[in-house]
Amino acid sequence: MKAGSNRIEAVVTDVVAVNELVKRFHFERPDGGILPTFSGGAHIVVEMRDDGRTRLNPYSLMSSPLDTRDYTISVRRDDVGRGGSLFMHSRVKPGQSMVISNPVNLFSLDLRAKKHLMIAGGIGITPFVAQTSQLAGEGGNFELHYSCRSDALATYADVLKQRHGRRIHVYRDDHDEKLDLPRLLAGQPLGTHLYVCGPAGMITWVRNTAAAAGWPAETVHYEHFAAPQPGKPFDVTLAVSGIGIRVGEHESLLEAIEAAGLDPPYLCRGGVCGQCETNVISSDGKFLHNDHWLSEEEHRSGCKIMPCVSRFEGKSLVLER
Amino acid sequence: MGINFKKETFRDDYSFKNSPEQVRRFPFPFHEDGYMYSVNIEPHVGGRTGTVFEHLFDVDEHYVSEMQDRAMVLAEDPLRCQSLPHMTLAGWDTLELLMTEKAKSYPEHFSLTRDGDKWHWINRPLGIDDHFTFGDTSTLPYGPLEYITRQSQGDFAVLDQRDNNLWMDAGIVTTQADWSLDFDIGMNFFEWHAPVPLAHELGIFTRALKFLMAMQQGQPARRLNWTMTINPRLDTSPENFHKWGTDRATVTPENVGQKVHLRVEVQMFFRLPRSNALLFPIRCYLIKMDELVSSAKWGRRFHRVLRDLPDELAEYKGLVRYRPTVVEWLSKRDDGKPTSSGYGPD
């Protein structure tokens with residue numbers, strides 16, 4: 001079975017500029033019917049038709065899992081990225097038809113938790129918007145700590161405070177407010193689960209601090225937002241299909257494989273789920289591994305690559321695809 | 001066209017039998033004249049009319065009697081249905097899935113009316129007409145999982161997904177091939193599969209777990225498994241081994257046709273939307289040897305499968321004691337002719 005093949009026809013019903021960097025997009029079914037139920041932390045993959053190219057980007061659902069008349073996502077504009085966020089910001093308008101995927105959750109709540117402690121950085125707030133709605137609906141115990149640059153970029157801080165009051169704590173860089181994480185962790189009741197979503201550096205900091213404080217790894221949950229990075233174009237031979245492809249500067253290897261008509265499995269398109277793992281038959285050059293799936297040893301071995309986020313520089317690369 | 005629900009028993013006088021139509025739709029599990037493990041998973045899509053796969057949750061002529069048998073098992077042993085505290089949400093997911101599908105597949109037998117969280121459920125074959133509030137356990141006579149699975153054929157395991165593993169944290173198990181929910185509750189995927197021979201060495205469980213963890217909403221999957229049962233007993237549980245274990249010594253050349261049953265499990269996998277848990281329904285179908293050999297192809301093929309089955313598998317499935325008698329009986333119904341490919345009865 002091919003993952004991600006369950007596509008949903010949707011209409012963009014609203015596009016809202018939340019602040020200077022973030023826009024929110026609302027999707028509904030063309031007939032107004034309800035969309036599939038989902039759980040907080042789930043994402044959808046949005047198909048973007050960009051002048052003959054297809055981009056497939058994952059975005060966390062931030063609407064309430066308790067109300068699926070529409071789905072909402074928020075996209076932070078990345079001016080130096082590969083163009084997916086720019087496409088969403090500049091080309092997607094209300095009334096437009098788009099295709100989205102069924103929800104997939106790779107960052108779900110551990111429902112055994114006595115308390116859910118959430119740490120967000122920047123646009124990493126979005127999965128928590130859905131999770132806090134879900135938990136509030138069932139009387140769950142949670143607390144959210146949210147770091148952002150300034151009041152102007154504190155995306156949804158106001159909404160969350162309005163909904164959940166003192167459970168929400170905001171830290172603004174430009175006011176020199178800083179989360180005292182060791183102290184926060186030290187004061188948690190037994191049975192607390194920790195969730196973090198934000199920039200890579202923040203995830204590492206939270207995981208390391210929790211580990212140093214003796215938190216079991218099973219109680220620490222994180223979601224990396226590893227968008228594919230642009231890079232130099234490179235050529236690849238797909239041995240099973242017997243074709244050669246070129247991966248463009250703003251294209252991921254996975255997208256180039258799909259553009260050649262192949263249909264490899266995927267779920268996250270962000271280097272964490274492992275679905276698109278591909279064997280390397282031979283290579284002469286340097287791998288630029290950007291995934292969180294393969295082990296360091298596998299990265300060094302040069303025998304495997306995650307085409308959703310990783311790239312290559314060198315003379316030749318032959319893949320088992 | 002309604003289903004003609006039969007009144008029959010799966011214990012004591014064992015009056016269970018299949019109608020000729022039910023025999024034709026039996027999910028015969030062998031596509032060739034031999035058997036070895038495989039991760040034989042395929043998409044679980046409905047639509048093939050006249051098969052047990054026409055609807056996502058098959059309801060057949062044994063429905064009412066199977067539900068009565070389940071109620072008897074639960075009355076004697078309430079621990080056959082368990083749900084750890086964090087699995088209640090998955091129970092509601094299960095209730096929604098089963099009610100929605102049953103009402104859609106069999107509108108003459110089941111109706112569901114939803115007005116926000118006020119739900120009205122009618123189950124005509126079992127004479128149930130209940131109003132309740134979705135999400136509020138106090139409005140149902142049982143927890144959501146037990147309530148709906150007392151009205152659904154087959155066992156249900158509900159697996160929590162966390163820490164890169166699946167955990168058997170809820171379920172209802174009364175029609176099982178010798179395994180116990182009460183024993184397995186709280187175990188992870190590798191722990192509850194530990195007794196299975198050969199498959200670990202083949203790396204089957206590692207691959208299967210990887211596949212199951214990636215299961216997506218709206219894309220259910222299924223596989224078939226099989227064993228054999230002496231007398232048409234649904235509850236072949238370890239808890240009640242003293243009641244059925246000795247039956248295996250009662251097989252004679254004269255009673256094979258009526259006493260020996262092929263037992264097929266249609267195992268399904270559904271990602272549940274609110275809880276992100278995995279629902280694992282295990283639907284059991286029984287067929288007597290006399291009924292099986294009414295298809296010449298099935299008779300020939302099952303003879304060859306059973307004759308050539310590796311000893312480890314025969315041991316694990318508990319067939320060792322009566323296998324020679326059954327193989328001898330089947331050999332007389334195998335003329336050696338080739339069998340056509342595929343599962344169908346011809």
Side-chain angles (χ1 to χ4, degrees), chain A residues 1-8 34-45 61 64-69 101-114 116 130-131 133-135 137-140 191 193 216-221 265-268 272-277 293, chain B residues 39-45 83-97 100 114 116-117 134-137 158 160-167 169-170 186 188 206-207 209-223 269-278:
Chain A
M1 274 193 300
K2 176 171 165 11
S5 63
N6 220 343
R7 301 153 83 238
I8 300 172
I34 56 169
L35 288 155
T37 310
F38 67 97
S39 46
H43 70 259
I44 55 171
V45 174
L61 286 169
S64 169
L66 309 177
D67 179 3
T68 55
R69 280 172 300 185
S101 74
N102 253 320
V104 177
N105 200 338
L106 303 172
F107 186 53
S108 62
L109 294 167
D110 191 321
L111 296 174
R112 297 172 308 163
K114 304 292 182 213
H116 304 271
Q131 290 183 333
S133 292
Q134 180 180 338
L135 288 170
E138 54 200 43
H193 278 247
E218 302 81 54
T219 62
V220 181
H221 313 271
Y266 68 82
L267 281 182
C268 74
V272 296
C273 77
Q275 287 293 301
C276 68
E277 180 181 305
W293 171 257
Chain B
V39 184
N40 51 339
I41 299 177
E42 60 179 333
H44 183 43
V45 288
S83 177
L84 298 183
H86 61 283
M87 298 302 280
T88 306
L89 188 62
W92 286 108
D93 274 331
T94 305
L95 176 142
E96 178 183 41
L97 176 66
T100 310
R114 297 167 63 155
D117 59 0
F134 186 86
D136 182 353
T137 303
V158 195
D160 195 23
Q161 179 159 331
R162 58 173 198 268
D163 310 338
N164 289 316
N165 214 323
L166 295 167
W167 304 80
D169 285 350
N188 71 35
T206 309
R207 288 206 302 278
L209 177 63
K210 199 171 165 184
F211 175 86
L212 293 174
M213 302 232 321
M215 286 281 318
Q216 284 189 79
Q217 237 171 283
Q219 293 173 278
R222 66 169 175 250
R223 68 181 291 263
F269 310 94
F270 291 83
R271 173 68 59 200
L272 296 176
R274 292 176 184 75
S275 56
N276 205 39
L278 201 67

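Numbered from 1 within each chain, the chains take letters A, B, ... in sequence-line order.
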Closest contact, heavy atoms only, [X] versus [Y]:
X: S39(A); Y: S275(B); answer: CB-N, 4.5 Å
X: G218(B); Y: N102(A); answer: CA-ND2, 4.1 Å
X: A214(B); Y: Q275(A); answer: CB-NE2, 3.1 Å
X: F38(A); Y: Q217(B); answer: CA-OE1, 4.3 Å

Please say whether more than 12 non-hydrogen atoms of neighbouring residues, nucleotides or ligands are located less than 6.0 Å from CZ in R69(A).
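Counting other residues, nucleotides and ligands, CZ of R69(A) stays at 12 neighbours or fewer.
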Evaluate whether atom CG of N164(B) has more than 12 neighbouring non-hydrogen atoms of other residues, nucleotides or ligands under 6.0 angstrom away.
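Atom CG in N164(B) is not packed in, count stays at 12 or less.
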Interface moiety of R274(B) toward chain A, non-hydrogen atoms closer than 4.5 Å:
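It is both, since atoms from each part get that close.
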Is it the side chain or the backbone of D163(B) that comes within 4.5 Å of chain A heavy atoms, both, or neither?
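For D163(B), side-chain heavy atoms alone lie under 4.5 Å from chain A.
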For a quick test of your reading: what N or O donor-acceptor pairs under 3.5 Å do the side chains of residues 83-90 of chain B make, sequence neighbours left out?
| unit_1 | atom_1 | unit_2 | atom_2 | d |
| --- | --- | --- | --- | --- |
| H86(B) | NE2 | D160(B) | OD2 | 3.4 |
| H86(B) | NE2 | D169(B) | OD2 | 2.8 |
| T88(B) | OG1 | P85(B) | O | 3.3 |

Look up atom [atom1] in [X] and atom [atom2] in [Y], then write down how far apart they are to the nearest 0.5 Å.
X: C273(A); Y: M213(B); atom1: SG; atom2: CE; answer: 10.5 Å
X: D110(A); Y: N276(B); atom1: CG; atom2: CG; answer: 11.0 Å
X: R112(A); Y: R162(B); atom1: CZ; atom2: CZ; answer: 3.5 Å

Output the option from L66(A), L109(A), N105(A), V104(A) having the highest count of non-hydrogen pairs under 4.5 Å with chain B.
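Between L66(A), L109(A), N105(A), V104(A), the count favours N105(A).
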Select one option (side chain, backbone, both, neither) describing which atoms of P65(A) are under 4.5 Å from chain B's heavy atoms.
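Neither part.
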